[in-house]
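First the structure, in the form of structure tokens, and then the observations on it.
On a predicted model such as this, the values are computed, not experimentally measured, just so you know. Starting from 1, each residue takes its place in the sequence as its number.
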Amino acid sequence: MDFPSSFLNKINTAKKIAVLTGAGVSRESGLDTFRDVGGYWSKYNPYELASPQGFLKNPLLVWQWYQARRNRAKEAEPNPGHLALAQMEKLFPEFYLFTQNVDGLHFRAGSQNVYELHGNIFKSHCFSCGASYDIDFEIGESIDTIPNCPRCNGLIRPSVVWFGESLPFDILSLAYETSRSCDLFFTIGTSSEVYPAADLPYQAKSKGAYVVEINPNETSFTRYADLSIREKSGEILPKILDTIKEIKII
Ligand code: OAD
């Protein structure tokens, strides 16, 4: 693919890069997205599986769903998109990767400066007292197997952000600050439907950053992007990486 000169110039001059990723970036690792045809939210009710109310109503169902997703995430491998982002990080003075994904694949690909906006599926905390646990809890077939907090006996839950809950304050603040001060912003593999994460490319744009969207499908943000690349992230990110390397050598 021939990239436009506006993008090549930005690669050449940009010092501070911000990236926002969503479920699409892990699609080529075999993990499901949420809003595509066949995605999770076309099969399940998000409020039953991903809200505090849903958890209190049926904790076993919620645990079973997250346990299955955890197992799939464990088996998945970072794809060429994750790997290219990890390499890109080394080529710019400042590089921040904000992800809505909870699968840990950016870390496993070698990215260092990763900030998880929606938590991490491999961590847990107590629904009642908030105590955090890094233990890989496993549950069985019955409700009795859901782990209880050793401190207060409350129910343990996955440390992911659910509908109606706030994002981690420090990470969200950094995401806003970085989006509003970067030169180049990539929004990759996200439908741009879930706020506040979906607001970040608009913040970047409002402060003059060059914003690139990578997504095989159009989103509500596409028309505001300086460059919309309608390709799979696992295919186009390695090409962008090669282009950056060429430009940086010259
Ligand atoms: P979505 O499922 O809403 O969007 C995934 C996007 O990835 C879609 O726009 C697809 O077109 C795109 N896509 C699919 N395959 C791709 C590929 N190979 N390369 C690049 N893009 C591809 O997922 P998110 O935007 O991440 O929140 O969803 C945001 C949040 O909604 C999630 O973090 C989750 C969900 O509810 C919580 O669970 C709190």
Side-chain angles (χ1 to χ4, degrees), residues 1-14 16-29 31-42 46 79-82 84-85 88 92 95-103 105-106 111 114-118 161 163 167 172 175-244:
M1 175 176 179
D2 284 336
F3 296 112
S5 57
S6 55
F7 179 49
L8 300 178
N9 288 339
K10 265 293 161 191
I11 289 175
N12 197 19
T13 56
K16 186 169 185 176
I17 316 291
V19 179
L20 172 68
T21 63
V25 94
S26 295
R27 185 70 201 93
E28 287 150 275
S29 295
L31 300 182
D32 285 334
T33 60
F34 295 91
R35 291 175 187 77
D36 289 306
V37 176
Y40 287 124
W41 299 156
S42 69
N79 67 55
H82 295 111
L85 286 169
M88 276 166 68
F92 293 96
F95 190 95
Y96 296 82
L97 201 171
F98 299 96
T99 187
Q100 298 166 86
N101 299 346
V102 296
D103 55 31
L105 285 174
H106 285 304
S111 285
V114 181
Y115 299 91
E116 294 173 313
L117 291 160
H118 291 170
V161 176
F163 289 103
L167 276 64
L172 186 60
Y176 265 89
E177 187 195 309
T178 308
S179 302
R180 292 168 69 81
S181 57
C182 66
D183 310 301
L184 179 55
F185 187 104
F186 290 91
T187 174
I188 309 173
T190 176
S191 58
S192 298
E193 294 288 330
V194 176
Y195 285 77
D199 190 32
L200 298 174
Y202 292 100
Q203 294 293 323
K205 190 101 193 102
S206 75
K207 291 293 176 184
Y210 188 94
V211 182
V212 181
E213 181 179 64
I214 297 175
N215 196 316
N217 300 304
E218 185 174 0
T219 72
S220 55
F221 182 75
T222 303
R223 76 174 103 145
Y224 302 101
D226 294 288
L227 175 62
S228 157
I229 304 179
R230 298 275 180 89
E231 295 202 35
K232 293 178 178 174
S233 49
E235 291 174 5
I236 196 68
L237 282 168
K239 294 180 190 162
I240 293 178
L241 173 66
D242 287 345
T243 304
I244 295 170

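For Asp36, the side-chain contact (heavy atoms from CB on, under 4.5 Å) partners two or more places apart in sequence, or in a different chain, are Thr33, Asn217. Residues meeting the ring pair (Phe, Tyr, Trp, His ring centres under 6.0 Å) test with Tyr202, sequence neighbours left out: Phe221, Tyr224.
In this structure, Ile236 CD1 and Leu241 CG are separated by 11.5 Å, a value rounded to the nearest 0.5 Å. To the nearest 0.5 Å, the span separating CZ on Phe3 from NZ on Lys239 amounts to 7.5 Å. Annotation: the span from Arg27 atom CZ to Asp32 atom CG amounts to 5.5 Å, rounded to 0.5 Å. Atom CD of Gln100 sits about 8.0 Å away from atom OG of Ser192, to the nearest 0.5 Å. With rounding to the nearest 0.5 angstrom, the CG atom of Leu85 is 7.5 Å from the OG1 atom of Thr21. Within the model, atoms CZ of Arg223 and CD of Glu213 stand 11.5 Å from one another, a figure rounded to the nearest 0.5 Å.
Inter-residue side-chain proximity for Glu235 and Ile229 is flagged as unmet; no heavy-atom pair is nearer than 4.5 Å. At a threshold of 4.5 Å between non-hydrogen side-chain atoms, the residues His82 and Ser26 count as touching. Using a 4.5 Å cut-off on side-chain heavy atoms (C-beta onward), Tyr176 and Asp199 make contact. Proximity of Leu20 to Leu117: side-chain heavy atoms (C-beta onward) are separated by under 4.5 Å at one or more points.
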side-chain contact (heavy atoms from CB on, under 4.5 Å) between Val194 and Arg35, intermediate numbers included = CA-CA 11 Å; Val194 176; Arg35 291 175 187 77; 3.1 Å; yes
request  = May I have the step-by-step check of side-chain contact (heavy atoms from CB on, under 4.5 Å) for Phe95 and Val19, ending in yes or no?
outcome  = CA-CA 8 Å; Phe95 190 95; Val19 179; 3.6 Å; yes
request  = Determine, stepwise, if the pair Thr187 / Leu200 fulfils side-chain contact (heavy atoms from CB on, under 4.5 Å).
outcome  = CA-CA 9 Å; Thr187 174; Leu200 298 174; over 6 Å; no
key: side-chain contact (heavy atoms from CB on, under 4.5 Å) evaluation trace for Tyr96 with Lys16   = CA-CA 8 Å; Tyr96 296 82; Lys16 186 169 185 176; 3.9 Å; yes
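When atom types are taken as modelled, the side chain of Asn101 and the backbone of Ala23 share a donor-acceptor pair closer than 3.5 angstrom. In terms of modelled atom types and a separation under 3.5 Å, the side chain of Ser29 and the main chain of Leu31 share no donor-acceptor contact. The backbone N or O of Ala209 lies less than 3.5 Å from no partner atom in the side chain of Asp183, so there is not a single donor-acceptor pair.
Nearest heavy atom pair, residue Asn215 against residue Thr190, reads ND2-O, 3.2 Å. In plain terms, the two heavy atoms of Pro201 and Val211 that are nearest each other are O-CG2, 4.0 Å. Taking each heavy atom of Leu237 and Gly81 in turn, the nearest pair found is CD1-O, 3.7 Å. Between Ser233 and Ile214, the shortest heavy-atom distance links the atoms CA-CG2, 4.0 Å. The minimum heavy-atom distance between Glu28 and Gly234, with the atom names listed, is OE1-N, 3.0 Å. Taking every heavy atom of both residues into account, Val37 and Ser42 meet most closely at C-OG, 4.5 Å.
Every pair passing side chain to side chain donor-acceptor pair (under 3.5 Å) that includes a residue from residues 5-14 is listed here, sequence neighbours excluded: Ser6-Tyr210.
Relative orientation of the Phe34 and Tyr40 rings is tilted, given thresholds of 30° and 60° on the angle between their planes. The aromatic rings of Phe7 and Phe186 lie perpendicular to each other, with more than 60° between the two planes, well past the 30° mark.
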